[in-house]
Amino acid sequence: METVLSGIRPTGNLHLGNYFGAVKSFVKLQDEYKCFFFIADWHSLTTHPKPADIQQSVRTILAEYLACGIDPEKAAIYVQSDVPEVLELYLYLNMNAYLGELQRVTTFKEKARKQPDNINAGLLTYPTLMAADIIIHRADKVPVGKDQEQNMEMARRFARRFNQMYEVDFFPEPASFAYSDKAVKVPGLDGSGKMGKSEGNAIYLVDDATTIRKKVMKAVTDAGPTLPNSEKPEPVANLFTLLEIVSPKSTYDYFNEQYNNCSIRYGDLKKQLAEDIIAFNTPIRERILSYSSDLPYMERVARMGAEKARESASKTLNEVRHIIGFRSC
Ligand code: TRP
C-alpha cells in the first residue's frame with residue numbers, strides 16, 4: 001500500500017479554506033492509503049514562538065483534525081517533536097545540502113526579507129527538515145498546495161542525492177499529490193482572492209453562529225446587476241462559490257436565478273449563506289470544543305500516533321545508518 005504524508009505548521013485555527021482545500025481529502029485518503037498526518041512544531045520554531053503558545057497551537061490543530069474526522073485508528077496523527085528519529089535524518093541530509101541551493105529557495109528569500117533580523121540556520125534548512133519529515137517514512141505521496149512545490153522539489157532532490165551518493169535505491173522520490181487542482185478553492189469574504197488566515201477574510205471551523213453572521217453580513221458585494229444574465233464580478237462570484245460549497249443546490253439555483261433576472265437582494269443571499277455555513281460548522285465546532293476539553297484523550301491520540309510514526313521512522317533510520325556506514329541501533 002502506498003504511503004501518504006502531510007504536515008501542517010501549527011499557526012492557528014483551521015478555516016473553511018483549510019477544510020475544503022485539504023482536510024476533507026485527508027479524511028478520504030486515510031481509507032485508501034497508509035497515512036501519516038503530523039503537526040510540524042519544529043518548523044514553527046523558525047519564528048521563535050513562546051513556549052505556552054506552542055503547546056496551545058499544537059492542541060488546537062490536534063482537536064480540529066479529530067473534529068474533522070481524521071481517525072487515529074486509521075491514520076498516524078502525531079506531533080513532529082515526538083519523533084526524534086527525524087532529527088538524525090535531518091542531520092545526514094544537511095551534510096549533502098548546499099548553501100547555494102538552500103539560499104535560492106523562494107520561501108527562504110521571502111522569509112529573509114520579512115524577518116531580516118532573524119535569518120537563522122533553521123530557516124535556511126527548512127527544506128531539509130521537510131525532506132526528512134517525508135522520507136523518514138519513505139512516503140510516496142504528499143498532498144501540498146502550490147506554495148510548497150519548491151520544497152517538494154528539494155525533498156525529491158535530497159532523496160535522489162542520497163541514493164546516488166551511496167549507490168542505493170532506498171528512498172522513493174515523493175510525489176506532490178496535486179489535490180489542489182481538483183480541490184475546491186474557497187474564496188475569502190473580502191471580495192478577492194482565496195480564504196486565508198493572514199488575509200483576515202476567513203471563517204474558522206470553531207466560529208460560533210454570531211461570529212459567522214457578522215462576518216458574512218460584512219462580505220464585500222457590489223451595487224447589483226443591471227442587465228439580465230450578466231457575468232458576476234469577483235466579490236459576488238465568491239459568495240456564489242461559497243453557496244455552492246455549503247448550501248443545497250436548490251439554494252444556489254434560487255439566488256442564481258434572482259441574480260440573472262436582476263431581482264437579487266444581497267442581504268437575503270448573505271443571510272441564507274450565513275445560516276448554511278452555521279449548519280455546516282456547528283457539528284464540527286461542537287466536536288472541537290469537546291475534544292479540546294478532553295486533554296487526556298488528546299494525549300492518548302498523540303502517543304498512539306507517535307508510536308506508529310516512531311516505529312516506521314526507526315526502521316528507516318536503521319537502514320540509513322547502515323548505508324552510511326554507522327552501526328545500526
Ligand atoms: N512546509 C509545510 C507548510 O508550511 C509544512 C510541512 C512541514 C510539511 N513538513 C512537511 C508539509 C512535510 C508536507 C510534508 O505548509
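Each ligand, and each atom within it, is numbered from 1 in the order the structure gives. The shown structure was predicted, so the numbers you read here are calculated from the model rather than taken from an experiment.
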Quick check on the 6.0 Å ring-centre criterion: do Tyr65 and Tyr291 meet it? no
Nearest non-hydrogen protein atom to atom 2 (C) of ligand 1, with distance, is Gln148 OE1, 3.4 Å
Note: Val142, heavy atoms under 4.0 Å from ligand 1, region reported as side chain
Sub-4.5 Å side-chain heavy-atom contact between Tyr259 and Tyr254: no
Would you please name every residue forming a side chain to side chain contact (heavy atoms under 4.5 Å, CB included) with Ala237, sequence neighbours left out? Lys232
With a 4.0 Å cut-off on N to O distance, would you call Glu101 and Arg161 a salt bridge? yes
Between Asp71 and Gln30, does any side-chain donor sit less than 3.5 Å from a side-chain acceptor? no
Path from Tyr166 to Met95 over hydrophobic side-chain contacts below 4.5 Å: yes
Using a strict cut-off of 4.0 Å, indicate which atoms of ligand 1 neighbour a heavy atom of Tyr126. 1 (N), 2 (C), 3 (C), 4 (O), 5 (C)
When you look for heavy atoms under 4.0 Å from ligand 1, do you find them on the side chain of Phe177, its backbone, both, or neither? neither
For the residue pair Ser176 / Glu149, report whether a side-chain donor-acceptor contact shorter than 3.5 Å exists. yes
Quick one: does ligand 1 sit under 4.0 Å from the side chain of Leu129, the backbone, both or neither, non-hydrogen atoms only? neither
Quick check on the 6.0 Å ring-centre criterion: do His137 and Tyr33 meet it? no
Numbering the atoms of ligand 1 from 1, which are under 4.0 Å from a heavy atom of Leu5? 12 (C), 14 (C)
Evaluate Ser6 for polar contact with ligand 1, using N/O atom pairs at a separation under 3.5 Å. no
Can you list the atoms of ligand 1 that are under 4.0 Å from a heavy atom of His43? 7 (C), 9 (N)
Note: Lys194-Glu199 ion pair, threshold 4.0 Å (strictly below): no
Region of Gln80 engaging ligand 1 - heavy atom pairs below 4.0 Å: neither
Compute the shortest N/O to N/O distance between Arg9 and ligand 1 and return yes if it is under 3.5 Å, no if not. yes
Give me the residue, atom name and distance of the protein heavy atom closest to atom 11 (C) of ligand 1. Gly7 O, 3.4 Å
For ligand 1, which atoms have a heavy atom of Phe38 less than 4.0 angstrom away? 9 (N), 10 (C), 12 (C)
Around atom 9 (N) of ligand 1, find the nearest protein heavy atom and jot down its residue, atom name and distance. Asp133 OD2, 2.8 Å
Quick check on contacts: which atoms of ligand 1 are under 4.0 angstrom from a heavy atom of Ile134? 12 (C), 14 (C)
